[in-house]
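These notes are about the structure you will find just below.
Residue numbers begin at 1 in each chain, while the letters A, B, ... track the order of the sequences.
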Amino acid sequence: MEKWIAIIAAVVVLGGFYLLYVSLVKKKNKVKEAASGIDVQLKKRYDLIPNLLQMASKFMEHEKDLMTEIVRLRTEAMKKDFGGNPQEAITLANEIDARLRDFWLSVENYPDLKSNQTMLQAMQSFNEVEEHIAAARRFYNASVNDLKNAAEIFPGNVVAALVGIKADMPFFEAETPAKQRVDAGAFFK
Amino acid sequence: MIDTDFEDVEYDRYAGLKNRFEEYYRTTLQPFLKTKEDIRLKYVNRFWFLLLLSFFILPMTILVIYFINQYSKLNIDWGFFYIIVAIAVFVLRGPFAKYRKEVKNDVMDLFVRFFDGFSYHQGAGLSQTLMQQSRIFPDYTQATADDCFSGVYEDVGLRVCEEILQKEYFTAKGKKRRKTVFRGIAVELDMKKPFKGQTVVLKDSGFFNRLKSFGDLERVKLEDVIFEKHFEVYSSDQIEARYLLTTAFMERILKLKELYKGKTIEISFYANKILLAIDTREDMFEPCSFFKTNLNKEKIDTVFEQFWTIFSIIHVLKLNQHTGM
């Protein structure tokens, strides 16, 4: 009888351990999936930048420093992989966000550029991509939050420590100056 | 829940449209209804005549069957009486059906013309494939469409249909029965935001959420606690679901729930459209009474309000704007 109780207890413990392990791995993979989603969306944003700047350079001669800075940040960001080093990618993405915000503010000083049809289309595409980035960021943050909760609360923390699953990914928070999303829609008014 | 600014703008919109409608009623609908009043009276009289005739024929049939069975060698089955009853019901339905065909359809046709470019169709429901693929309607074996209309309102393509969905089942004795699983309106709206996958917003079923399975659709946990309390979301694409259901859009869906108090609303984003299933459990879009005079404006006003509630979906969800939110 005692032997059976020991066997049942062992099965329950091992079964529980296995289920927690599976759940943690699933959550970890979900974070990876979300991170690659952010990569895809950020790449879309970076792909739009050259055309946008090329168009704007004809009108915005006094903003050359700002545009050079955006190009430099873009080149740097293109080399980074969000999944590989999320913190670095977040910092760069936020820096680009801030510079782009300055860029959109500057565009307001150039009425010819603001009303240019190609520019308006570019703004619309940009707005669309920004929405996708925001969505990807929400998915990533939700996945990280899920993993952190699972890996930091008992008994998940024990299993995570034993199998080496870490929940040290940062949340993708927009920095304070960039928190207000680029509102290209305002240009259509 | 509904903010004051929104209510003010909505009221102004409503008042503007209602004023124009009053004028349309006075100049177009009312004169038309007057011409149809004679037709209504003709069918009402026919109905009363047939009802009286039935009151005479049915007891007579009972007596005839009884006496024949009692005093002759013939034996007439009581099933014959049921056949007579069925015929009587069919005949009594006649004036209603004819009235509907001659008056209601014409009135609705004229009514929807008030909204530029709208058209009315009786019985032409939404695409069955689209309804089934939307995954917001319960399983059904038979769909009956009643009043349907379509058009473009504030630059948004719109199709609305009153649908009755029924499902066949077998009783313990093996008899085939039908039960109504949905009675309400199905709304199909064009969406300006492009998307590829499918996202469904369903009524939260509490513990029973766990028992649901949508195959390729995955549960999407959203940040809005109040929204999560009322709805549950499934999608084929986690990012796209959040792209469609921004925090602002979630608030709008909550406003919509407020607008249709007590009714179950479920939403599907599919094939660049938004489909809404609103289980109203009532007969809608009935501008004419059979027994009461049509010159009383009350019924027409009710239909106007029902139309307005549907247009409000576009306002509440801001589908007429491309703000990106």
- Just checking heavy atoms, which of residues 138-172 of chain A are less than 4.5 Å from chain B?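 Against chain B, the residues of residues 138-172 of chain A that fall inside the cut-off (heavy atoms, under 4.5 Å) are A/R138, A/F139, A/A142, A/D146.
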- Nearest heavy-atom neighbours spanning A/A135 and B/I239: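 That closest heavy-atom pairing would be CB-O, 3.3 Å.
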- For A/E128 and B/P194, work out which heavy atoms get closest and say how close. OE2-CD, 3.6 Å
Take atom [atom1] in [X]; do more than 12 heavy atoms of anything else shown fall under 6.0 Å from it?
X      : atom1 : answer
B/D155 : CG    : no
B/K221 : NZ    : no
B/K18  : NZ    : yes
A/Q54  : CD    : no
B/Y260 : OH    : yes

- Item | From B/Y243 atom OH to A/H132 atom NE2, the distance as rounded to the nearest 0.5 Å | 4.5 Å
- Message: Heavy-atom cut-off 4.5 Å, strictly under: side chain, backbone, both or neither for B/L245 against chain A?
- Response: backbone
- Message: Under a 4.0 Å threshold between the charged nitrogen and the carboxylate oxygen, would B/E218 count as salt-bridged to A/K30?
- Response: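 Salt bridge between A/K30 and B/E218, a charged N being under 4.0 Å from a carboxylate O: yes.
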